[in-house]
Every structure is written in C-alpha cells, then in structure tokens.
Colleague: 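One structure, pasted below without further comment.
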Amino acid sequence: MQNKQMQSKLKSLFSSTENFRELGLFFFIVLISLIIQMRNQTFLTLSNINTLLINGSILSILAVGMMMVLLTRGIDLSIGSTIAFSGMVSALTVSAYPSIHPLVSLLEGTLIGLGIGLIIGILVSRFNVLPIIASLGMMNVVRGMTFVVSGGRWVSAYQMSDGFKKIATGTFLGVNNLIVIAVVIYIAFYYFINHTRTGRQIYAVGSNPDAAEISGIPKKRIICLVYVLMGALAGLAGVLWVARYASAQGDTAVGYELNVIAATVLGGISLSGGSGKVSGLALGAILFAILNNALPLINVSPFWQQAIQGLVILTAVVVNVIVKRRNEYTALVRRNI
Amino acid sequence: MSEYILELKGVTKDFPGVRALDDVHFNVRTGEVHSIMGENGAGKSTFIKIITGVYTPDAGEIIYNGKPAVIRNTLDSQRLGIAAIYQHVTSYPDLSVTENIFIGHEKYNPYTRRIAWKELHARAAELLGQLESSFDPRVRMGSLSIAKQQIVEIAKALSVNARVIIMDEPTAALTNRESEELYKITENLKNNGAAVIFISHRMVDMFRLADRVTVFRDAKYINTWNRDEITHEKLVKAMVGREITQYFPKRNVHIRDEVLRAEHISRLGYFRDISFSLHRGEILAFTGLVGAGRTEVCEALYGITQYDEGHIYLDGEEIQIRHPKEAIDKGIGYLPEDRHGHGLVMDWELFKNISLALLEKFSRWKFIREDDEKKSAQELGDKLEIKAGTVFDKANTLSGGNQQKVIVAKLLTADLKVIILDEPTKGVDVGAKTAIFNIMGELAEMGYGIIMVSSEMPEVLGVSDRIVVMKEGRISAVLNTEETTQEEILHAALGEKKKVISHAE
Amino acid sequence: MTERTIRTERPWSWKRFFFQWEWLLVIIFILIHVVNSTLSPYYLNINTFIRTPQSFLDKAFIVLPMTFVILLGNIDVSVGSTVALSSVIMAVAYNAGLPMPLAIVLCLAVSTACGLFNGILMVKYKELSAAIITISTMTIYRGFAYVILEDQASGGFPEWFSFLGWGNIAGFPVMLIVFTVCAFLFWILLHKTTFGRSLYGMGNSMNACRYSGIRTDRVILIVSLLTGLMAGFTALFLTSRMGSTRPNVAQGYELEVIAMVVLGGVSTSGGKGRIIGPILAVFIVGFLSYGLGLVNISAQVLLIIIGALLIVSVTVLNVRIRKRKKKIPA
Amino acid sequence: TAQAAQEAAGERHAFVFKNTGNPYGEKQMEGFENGIEEQGFEAILRAPDLPTAEAQIKIIEQLIAQNVDSICVTANDYDALEPVAKNAMQAGIKMFSADSALNPASRMTHVNQADSEMIGRTLIQAAYDMVDGAGQIAILSATSQASNQNLWIEWMKEELKDPKYDDIELVRIAYGDDLRDKSVAETEALLRTFPDLECIIAPTTVGIAAAGLVISDKDLQGEVFVTGLGLPSEMAEYIHNGACPYMFLWNPIDVGYLAAYTATALSSEEITGAAGETFSAGRLGEYEIVDAGDEGTEILLGPPFKFDIDNIDEWKTVY
Ligand SMILES: Nc1ncnc2c1ncn2[C@@H]1O[C@H](COP(=O)(O)OP(=O)(O)OP(=O)(O)O)[C@@H](O)[C@H]1O
Ligand SMILES: Nc1ncnc2c1ncn2[C@@H]1O[C@H](COP(=O)(O)OP(=O)(O)OP(=O)(O)O)[C@@H](O)[C@H]1O
Ligand SMILES: [Mg+2]
Ligand SMILES: [Mg+2]
C-alpha cells in the first residue's frame, strides 16, 4: 500500500512538467560533476565543495534579488555598481573607524544598496521608466560615484579591521559565514515568496500586470519593493565582497550583473515574468558556481574557459527546451484522439 | 434609505476622441438581477469599470446604500462589497486556483504572516463545489480551460460575500450546458440577497435571468424596463435604433463546383481523420462543443500549424500549406477566433491593419504606397459600414463588432477562394451580427467558399448550407442544414458513439 | 442607415506634431552645442563637426540594427562579442596570408554568421527569450575570440586599411560618409518598405502578424543578419582606427548601444519609436562626451552625467505623457 | 578665440593613464602633476573609465584638439594607439609613453619603470630563495592588456633555463584577468591541483593580493609563499603575516615625475628622443636615453624596489 503510494508519487514527480525543469537541471549538475570528478579527483572533496560554496554564495544572494525583479518582468543592471559603491563606502568607513562592529558595516552596506534600489524602484513604479533604462542609468551614476567617493584610491587589507574581514572568513558552527548568510537568505526568501501575501503578489504582478491593476493589488508598491530588496541584497553583497577579497576598488564587479542574470535564467526564472521557483534558482546558482570552480581545476586553458561557460549555458537551456518538447509530444500521444 | 443598494446618476466619461458614456442613469436593488444590454461599444464595460473604480467618471455621482460614495480605485469598491467578473478574464495564469480566488484578501497567520494554505484550499474547494465543479484548487490557473477559468472568476466574486456582483459577458465563452450552470448560480446569489448586474449579448440570458433590463446605445442611456414589459423585438429596436426583420439574412445562393476538399487529415493529439468538401457559394458550418478541435482544424488548413497526415485539395489540385502566407497566396483566408490577440494589431491605425495581410499589393518594389492603403481602407470600411471617423483610428478604439469588420476587410484585400471564419459573432451585438451574416451572404454570392465555426445553434441552422459536427477531435456528423434539427446536432456533438451520421454527400 | 464615409486625411494637430520625442532630442542636441562652446574655446570650429564623429561613430553602426531588434521587442547583448570575434578572425587571417580585401570580406562574413546563428536559435527555440540566447552567445563569441588570439594583439594591417577609420573623402571622414549612407538605407528600410511595416507589426503583435501571413521567422532572421553585418562594420572601423585588435575590444558596447536606442525614444516593449531618435542620440552622447572631454572632465563625472541624462530625459518623457493623460483622464 | 586662449596659457602637458580608480595610476598622475607644476606649467590628467585602447584614442583626440604641448600615455595597447599618436605628432605634439609602452612608431621615447629582463630574472631569483632552491612554483598572471606582463614571463622562463634552477619546476601559468574573484578562484585551483606547490609568482597587483589573501585564509603561511609585483598598501597585510616574505615594485610617483621632466625636455626640444641624449629630471638627477629592446628608445627609472617587513609600514600609506 505504502509502496504503491510512493510509486505514484514518484511517477507524478517525474511526469509533471511543473517539476521538470528543476529535475533536468539537477541531473545536468550531477552529470557535469561526475565528468569533472573523473578529470580531477579533488573536485568532490569536502574542502573543495566548501570553497565552491563560499565563492558561489555572493552570486546566489544576488540571484535571489534578481529573481524577484525578473518575476515582475523587470531587470536590474545596476547591481555591479551597487556592489562596488556599498563595498567602497563601508570599507572607507571601516578604515576611518576601525572599531566599528562588523554588523554595523553589514547594515551600512545594506542600507546604501537599499537607497539605490529605492531610487530605481521609484523611477520604475512612479515614473514608469523602463527598468532596463532606469537601472542602466543608475549603473553609470553609481559607478561614477564610487570613483568620486574613493578619489581613485583603493581600500586595502591592512586598512580593514580583523572583525570586518571575519565577516567573510569567520565560521558559524564550523560553516563559513558566507555560506551561512546565503542559506539563511534562501530559507527566508523561500518562505517569503511562497508563503506570504506579499511574496505571492510579486508573482501575481508579473503574471498579469493588468489584472493586478484592477484587482486591487498595490502594484506600484510591489514593483518598488522588488528593486528595494534587490538593492539591499546588492548592498549586502557589496560588503561581503569587500570583506571576502579584503580590498575595495572602484572597478569591483564590473559586468557582474550579467553573470547574475545568466545564473538566474539558467535556474528557470523566466524573463517574461511570473514564473520560476526558488529550487530552480538555487540549482542555477550552484551550476554557475561549479563552472567557475571546476574549469581551473581540470586545467582548462584560461582562454577556453569563457567559451566553455557559454556553451554550457546554451546547451543547458536548449536541452531543456528539447526535452520539454518531447514531454509535450508524449502527452499528445497519450491524449489519443 | 433608498430602495436601491447602488445608484448612478448622470455619469459621463470621455476617452481621448470618444465619449464612452453620456449622462447615464442606473440603479439596482438587492435580490434582483439587472441586465445591461447594448451594441458593441455602447459603453457597458466602461460603465462597470466606473462602478468598480478602474476608471473615475468625469461627471455624475454614485450612491451606495443611500449615501454618496467616492470610488477612486478598485480597493474602494471591494471594501464597499462590489465584486466584478470582467469581460476579459483577469486571472493570474502562474498562480494556483486558490490564490486566484483569494488574491487581495488571503487569510494569514498574523504572527508568522504565513498564508493559511490548508484553510484556503479547503474553502476554495468548497466554493468550486458550490459551483458544481470539482477540480483541484491547487492546480495552476493557466492550465485550465477558459470555461473553468470563468468559473474560478465567479468563485472569486463569491469568496468576498459581495453585495453587488457584476458579470460582464460571462457566458461568451461558455457552452449551453455551462451557461445553464451559471444561471443556477446567479439565481442562488440573487436569492441570497445579492444584487447582480449582468451584461450579455445573448437574448436568452436576458430573458432567462433578468428582472429588469437597461439599454445603452451610443454611450447614452435609453431606458429601463421590467422583464415582462418588453418583447424581443422592442429590445432589439432599443439597442440598435431600428427594426431588424431578418436575423439570418440567408440568400439563395447557387452552389457551384467544389473548391476545397480535405481527405483524412490528422494532427497528433488534436484531431483525426477529418474529411469534408467545400463548394463555391457554400457556407459550411463547423460546430461542436468548445474544445472539440474546430479551431485546430482551421489553423491547420491555414498553415498556422501542420497536419501530420492526409491530403488537402484546392480546385482539385493537391496543395501543401506550410505557412499562412502560402494559404493566402493560394486563396485561403482565416478570421481567427481571438480577435485581440491574433486578428488585429490593436495599437495600429485602421488602414495599416487592413493592408497587413497583403502588403505586396500595396507596395511597388517593396516600397509601401500609403495612399493606396488609405484608399482601400476607406473603400472597404465604407462597404462594410465600419463605424470610424478616419482611417487613422486605432483598432483598440473600435468596438468589438467593428473590430471584427476590420478583420473581414483585411481578408477582402486578398484574392481569396476560401474564407474561414472562426466564431465570427462571438461577443458581437445583434446589429453587428446581422451585418456580419449579410457580408457572409454577399461573399457566398460572389463565389467564395465559406467555412464558419460557431457554437450557436440558431445561427448555425440559420445561415449555413451544410453542417459539420465535431466531437473530441473527430467528425461525428455531416448534416444538410435543411434536413436537420437542433436535436440531431446536439446528439452528434454530445453523443457517445463515434459513428459518423451523415446525410449530406 | 445614413451614408457615411471614413475620411482618409487626418486633421493637423499641433500637439501631435510638437509632442514628439525627437523634438526634445533636437533641443538637447542644440543645447549641448551651446553649453560645449561656452565651456571650451576649442569646441566651436568646423573640425569639431567634421572630425569628431569619427571617434564615436564606430558603435553607431550597431545602433541602426539594434533599433530594429528593440522594435521587435527583442534585445541583443552579443553584439560587442561579435565585433571582437570578427575583428580577431580578420586580423589572424590577414596575418596568416589572406589578402586584406578578402580578410575584410571574411570579417563581415563571420559577423553576419554570428548574427545569423542568434537568429536561427531564436527561430528554432521560440521558447527561449532573445535575452538568454544572446547572453549565452555573447559569452561564446567572446570566448572564441580568446581561444583564437589568447592574450595577444594582432595587427600590422596594410597602410590603406587605416583609411577607413581615419581617412577623408572631399573633406569628410570616410566613416561619417559610410554611416550617413547606412543610416539612410536603414531609414528607408524601416519607414518606407513592407519589411519595415512587418517589423513594426511584429513588435506590436507577433501573433497578429503571423495570422496575417507575415513570414515572421524570415523577418527575425533578416534582422539578426543585419545586426551581425553591422557589427562587422563596427569591427572594421574600430580595427582600422586602432590598427590592431585584441579579444577584449568592444567590451560593453552592447549596453552603450542599447542605451542610445532607448534614449532615442524606442520602447523596449517593441513596436514604438523611429530610427531618427537613436541616430540623434548617438550624436548627442558623442558630442556631449567630446565637449566635456575638451574641458578635461574626469571619466567618472562623465559617467554620472551620461547616466543622469538617460534617467532624466526618459523620466521627463514619462511625466509629460502622464500630464497629458491627466487632462483627459483614462 | 582658440588662438587667444592658447597664448594666454603657458605650456600644457597631458598624462593619460590606463583607467580611473587605480591608486597606482593616481600616484603616477600625482608625480606627473608635481613634476610639471614645479616647473611652472599646467598638467592635464586624464584616464578613461575602462582600460581600453578605444577610450584612450578618444581622449588623445580631445587633447589634440586642445593643442597641448605633449602627451604621455600609459598605453592600454602597444599598437592600437599608433594612428592617433601619429596624428598628434603631425600636429606638433610631443608624444611618448610611460610605464606601459607604445610601439616605437608612435612614441618619441618611453619612460620605463624598470628593465623587463631585470624584473623577470629578479622574480625567479626571489622564488628560488623562498623555496630554498627546490620545489614547485606557479605563475599567476593577468591576461594582460598591456604588453609588459608577457615580456616579464618570457624573461622568467629564460632565467629558469639556468642549470641552477634544475630542481625548480614551473607547473602552470594561470590567468586571473586582474579580477578579484577570478584571481582568487585560480589561486585556489592552483593550491588544490598542486598540493606540493611552494611559491606563486604574481607579476600583477591584483593577482598578488588575491594569492596573498588565499594563502592567509587557508593559514598556509610558511608552506606556500607568494611574491611578485604588488602595491605596498595592498600587500602590507600579507607581508606582515608571512604569506609574502617580500615583493617588488618601483615608485609610481617617480615614474610620473620622470615623465613630467621628459615631457618638458621634449617640448623645449632639449631632447628629441634619440638614444644617447641626456637631460636632468629635477630631484631624480640626470637621465640618459638608451635603446630599448623594441628598436625604440627608452629612459630607465632604475631597479625595482624591494618591499619587506622592514620597510613596508613606511610605504603602505604612500601608495
Ligand atoms: N481605454 C480606452 N481608451 C479609449 N477608448 C476606449 C477605452 N475603453 C473603451 N473605449 C471606447 O469607449 C467606448 C465604449 O466601450 P465599452 O468597452 O464600454 O463598450 P461595450 O459596451 O462594453 O462593448 P462590447 O459589447 O464590445 O464589450 C467604445 O467606443 C470604446 O472604443
Ligand atoms: N484532452 C485535452 N487535454 C488538454 N487540452 C485539450 C484537450 N482537448 C483539447 N484541448 C485543447 O483545448 C483547446 C481547444 O481546442 P480548439 O480550440 O481546437 O477547439 P474548438 O472546438 O475550436 O473550441 P473553441 O470553441 O474554444 O474554439 C485546444 O488548444 C486543444 O489543444
Ligand atoms: Mg464590453
Ligand atoms: Mg475555437
């Protein structure tokens, strides 16, 4: 009896197209990990997985924000600049007041990012500026401001307090802080987007913006909110970034937004809004982290790395489409008209 | 306290270039169904959007429960207990049925802020049960058929315990049987003390349901009658402004040689073994229940999708149609079911819409000649009596019936032999319906072969020469209109056996 | 029923005529010249207007087809990488012994092939958005450029090749002349031909066009092909101006180009805008940064100014539209 | 009016660095500005926001339009500035490079911060010293945009041919693109793939700091060392904690300062950029123009400066 139930559950898991994307991605990750493992035995060691997760954590945190933005049919190109700016300002603060508590730095960066996100959010929701334009404009403005506040200087490791650097190198229950922060954010985000009203309204706004307007969802506020959250996460990531690499520069994370978008889309978040799951997002971010970690490990020529990364992304999305089509085909055969 | 729960006085609303409502009056009591009728573009939808706060009126007042009410947005109207089911389904395809029903007023735990899923799912199932449909409320809205989505919309209105419920053409996408369900639901609502405002183009709906009926014409208020005070003819006259003597102006057309023949065409998962023939001057109706696969067949004939097996002959020669362009070049035209999505570029001027199907005719060496376009738009527009000021009017400023005529005009630019009309009268008012049938008759007379998809029995029986009935992707009957009856058609559309009844050919 | 005729002429409306985005751009354009000439004594001379365009026109070639892409409601972020790949292949082929004219043809062929590959993917896998397709090909094309040339530069082109980027004909830079010709051709293509009409239609409603018998796939392919081809032009002129090339040239061009198209009033949701806007935007941004460069403003301040210009101008446009709507509430 | 403005101002000398926001560049510009201003002239300091040749071309064109007296470029590309540089020289502007060279056809001379051969050989010697004569070493480079990286690596390989280094094994050259995240990932991969690795040479400021960071994070001080070319401010931490016993760099302020005197010497036509000419460079003393390896000429600042635990604290706040 129980067995049968299990079986039917498994069957529905595999046959339903709803879960299909995530499963496909999961198997793709398993496959690619095995291939890499065969080439370099150190890949699947605990310490390398730890490294891989640490390096992937910042990207994953940003992907959370990007997912919300994409869900509402928006896009945010400014996050690379926000990372640099918030990282620079919090590093400058720490170098001026070394006794500052690390949590204050985290808060500072988050608030700075939140402010930038708020500007974009207002532009998009109140003034109907297209997200791509608002964020493109802010990308330039914020990047410029980063150079201006730093006066072209860098903030280096010796100018940062140990507490500040510990944000990224310290551990909590034996796990690196960055991983802990990322996991906490994912759990909170999962709860938020799937189980709270506001979370569901984010999906609703992206799923049918016109309906949202007439059915009384505070559409403008929701849209503003996703940019604010994206900004806050980018601000937080900025502090983490600077603490992680123990150096704040004006050109930190140039072009990083495209990596984040690629990872998010790889995770099955649709650019046309309304659909995508947290599990897919996590897998997309992990796949991206694996690529970044593994290519140097298996001694792929550095000049091949970019091409391979692109080919893997393309293959993943195309294979996904092909298999989906196959699924639809068998569904049609089963319909038996 | 007035006797009305909702009263509107002197409401006026302007859109750029159009006055959609002009000094309109309306009222509704609790426990009554009040129907609003009128031609396409008479302002009915605009009127209810004013009640629900989507639009604000330029003049006039709204009195709710005896007190003047200010409704600035949809939240205001929801708070007052007004719920609406809009003409175009306004659901969220990516959310579950439960969420669609309760969006905006979900129950949640005040401490954890978690939505009370269990309770909501149960309540949703209960509401759906009340509506006598029992699908899982956890499924994605987008995976449901339009009819089921409509039911969810009703459940949504029920969920708020609204005192005023507005339904804008809820039956347009429903079959007779489903409409019957809806009548029952509506009557229940009324008996439970709700005021129902019901908009429909179907006379049957009105006579079956309404206690009173109000007619709008050309943005103006005409009159309000009790149901027993008014006859069918009087109502039509009030709506259209003139008498209509012949609803199905069928002409006696001489049916000539065969123009199109399909032999055993099939498409995996959609239809199988479809064979029929069409003659010049003939109107061939395709009928059946919603989802029977009629649209799929039409789209395969027109090259939007491909059939896997079978043969199609045009004028006796076998043809392959891989793209709509080839269909048009060979002489097959198609009026799609989804006017807004597939038929028109809504943001475009009339003349551009009309010339779109045959741009090369309006160009020389690929260079567009706008003067030709405008002239042709003017000619066709006048011929089809499209109500528009200039050829620069945007398609989205026209009413449904006129939009339909624009698509017909578009087809007439091409040199066609066969015209396929998919639900050409759906959501179209009586006057425009007659106009469309008139056009069909004229086209038949001119020698076009016409395929008309329709779910309305009277019009199928009224205008066609022969009837193809489809059921679950197969042809279940081919009937001669003159020799058949409504019962026989319904039997073929619903019947259990897959045997083909045929007394034509 | 009364006889009615639909009129074919539209009454002239000063509102429709003056409330056009392009007018605002023209005003900004003039304003920029006024500001620049008051700022720097070196600005106001004939050389500025004839020579300066050379320094910013290279990207402008992509602005033309990108306008088409965005009118379709798509986006193409792979153009910068296409420029890099075609330029690198041209240089390597030339240094491997291919005569320069053939190398130029090869450059255009490669870039066109890159564009076409994007197009084929878009047409074949309609489920995928143009953004995700071009994000992947962006990485792939740039990646191949690195594979081919690693971290080397390649150049040593014949003397005459630099004529493309630096030379003059009758006092006008070759680049300006070629761009003017291209812009004119694209203008005709978009605003006068059936192809342009289909393009606008598809941007507004892809389905309505498909059901009207427009060969939508073909239009998408042609647009992709043109995008590739023009990226090839950019590669030629850019390489000619630098005399050598590397895998990392034209980095970030895609966003700059998209910004100009949008500044030009083309809506990224498709179907709205004219090509004259983006062309004006090219010159606005070009002259603005040139003028500010003459007073040696720092690069970061320039970044801020251009970003702010983008935001402010688009916001102004939107506020203006809202005001107009308010008058006749909708 | 352009003419009048020209005469009103004195000589104007421009310095174009690779990109903004680079403290190393800021210091070079500072040195250049000091050098020009102490001679009573005006210095124009420019840099694009991204380190590309395209952007530098634009800036140089703007400088030509302003009719400056000289332009000194820290080139983002060895060859790509040739056409615009020739235009500048045709307009009578003295054109030369500093730090990262232009090709001989586009420069009158080059201010070289240090001899490439010397850098390459010195770094190998340092690694030899750190691994006690035997062990695995790796190089972490940027995929250099400027020309000098590869030249140094070539000289390193040349030096390794000496039999003295028979026990030293160069296991890999990795590339970190001068990006923080990538350089860190590459270093981690090096350490994982070659557990016996003892020394990383990173002739790039971003790379060396990233390697220092990874070694410190993993507490590998004493087992793996890093050396190379780094900014004292960035490396202070790692020199103190032992991850990097010592490393090298020249003084960027002096590079800029020397470039300033080269600029004025060229514009006063005291020198033409030919080998053998000499001029005096303020507080730095006399310099002679010599033949560079690439058929052009150059001016050598001097040997690279060694930073170690004893002197790092006085330099870390300078640049
Ligand atoms: N947003 C709008 N902008 C401009 N004109 C509009 C707008 N909405 C409606 N109209 C115009 O207002 C008039 C009334 O439209 P409305 O939708 O209320 O008609 P209706 O009676 O509901 O017609 P139908 O039976 O076709 O649904 C029409 O002329 C229509 O073109
Ligand atoms: N068993 C089924 N399962 C899932 N989808 C189905 C099934 N049967 C039909 N459909 C889908 O339902 C839709 C309705 O089919 P189609 O539009 O061809 O029918 P129709 O008779 O034209 O109905 P309508 O009157 O709504 O146009 C099609 O998209 C078809 O794929
Ligand atoms: Mg309506
Ligand atoms: Mg249908």
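Numbered from 1 within each chain, the chains take letters A, B, ... in sequence-line order. Note that this is a predicted model, so its numbers are computed, not measured.
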Colleague: With a 4.5 Å cut-off on heavy-atom pairs, point out which of B:Met346, B:Glu360, B:Gln378, B:Lys375 contacts chain C the most.
Modeller: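 Most heavy-atom pairs within the cutoff with chain C belong to B:Gln378.
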Colleague: Does C:Arg215 have more than 12 heavy atoms from other residues, nucleotides or ligands lying within 6.0 Å of its CZ?
Modeller: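 Atom CZ in C:Arg215 is packed in, count exceeds 12.
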Colleague: With a 4.5 angstrom heavy-atom cut-off, could you sort out which part of C:Ile188 is near chain B: side chain, backbone, both or neither?
Modeller: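 Side chain only.
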Colleague: Just so I understand: if I count every heavy-atom pair under 4.5 Å between each of B:Arg369, B:Glu326, B:Glu373 and chain C, which residue has the most?
Modeller: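 It is B:Glu373.
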Colleague: Using side-chain contact (heavy atoms from CB on, under 4.5 Å), reason through C:Ser212 and B:Lys410 one step at a time and then give a plain yes or no.
Modeller: CA-CA 9 Å; C:Ser212 301; B:Lys410 193 162 125 179; 2.8 Å; yes
Colleague: In this structure, are over 12 heavy atoms from other groups packed under 6.0 Å from B:Lys361 atom NZ?
Modeller: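 More than 12 within 6.0 Å, yes.
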Colleague: So, for B:Pro324 and C:Gly213, which heavy atoms are closest and what is the spacing to 0.1 Å?
Modeller: CB-CA, 3.7 Å
Colleague: Where on B:Phe362 is there a heavy atom nearer than 4.5 Å to chain C: the side chain, the backbone, both, or neither?
Modeller: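 Neither part.
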Colleague: Taking atom OG1 of C:Thr216 and atom NZ of B:Lys325, what is their separation to the nearest 0.5 Å?
Modeller: 12.0 Å
Colleague: Just so I understand: if I count every heavy-atom pair under 4.5 Å between each of B:Ile328, B:Asp393, B:Asp347 and chain C, which residue has the most?
Modeller: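 Highest number of pairs under 4.5 Å: B:Asp347.
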Colleague: At a heavy-atom separation under 4.5 Å, does B:Glu379 approach chain C through its side chain, its backbone, both, or neither?
Modeller: neither
Colleague: Working to the nearest 0.5 Å, report the span between NE2 of B:His342 and CE of C:Met206.
Modeller: 12.0 Å
Colleague: For the atom pair CD1 (C:Ile214) and CG (B:Leu358), what is the distance rounded to the nearest 0.5 Å?
Modeller: 9.5 Å
Colleague: Taking B:Val345, B:Leu356, B:Leu344, B:Ile407 one by one, which has the highest count of heavy-atom pairs under 4.5 Å against chain C?
Modeller: B:Leu356
Colleague: How long is the gap from NE2 on B:His323 to CG on C:Asp217, to the nearest 0.5 Å?
Modeller: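 So the NE2 of B:His323 and the CG of C:Asp217 are separated by 6.5 Å.
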Colleague: Among residues 190-203 of chain C, which residues come closer than 4.5 Å to chain B, judged by heavy atom distances?
Modeller: C:Lys192, C:Thr193, C:Thr194, C:Arg197, C:Ser198, C:Tyr200, C:Gly201
Colleague: Check the surroundings of atom NZ in C:Lys126: do more than 12 heavy atoms from other residues, nucleotides or ligands lie under 6.0 Å from it?
Modeller: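 Yes.
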Colleague: For the interface with chain C, which of B:Ala377, B:Gly333, B:Gly381, B:Gly341 has the highest count of heavy-atom pairs at distances below 4.5 Å?
Modeller: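 It is B:Gly341.
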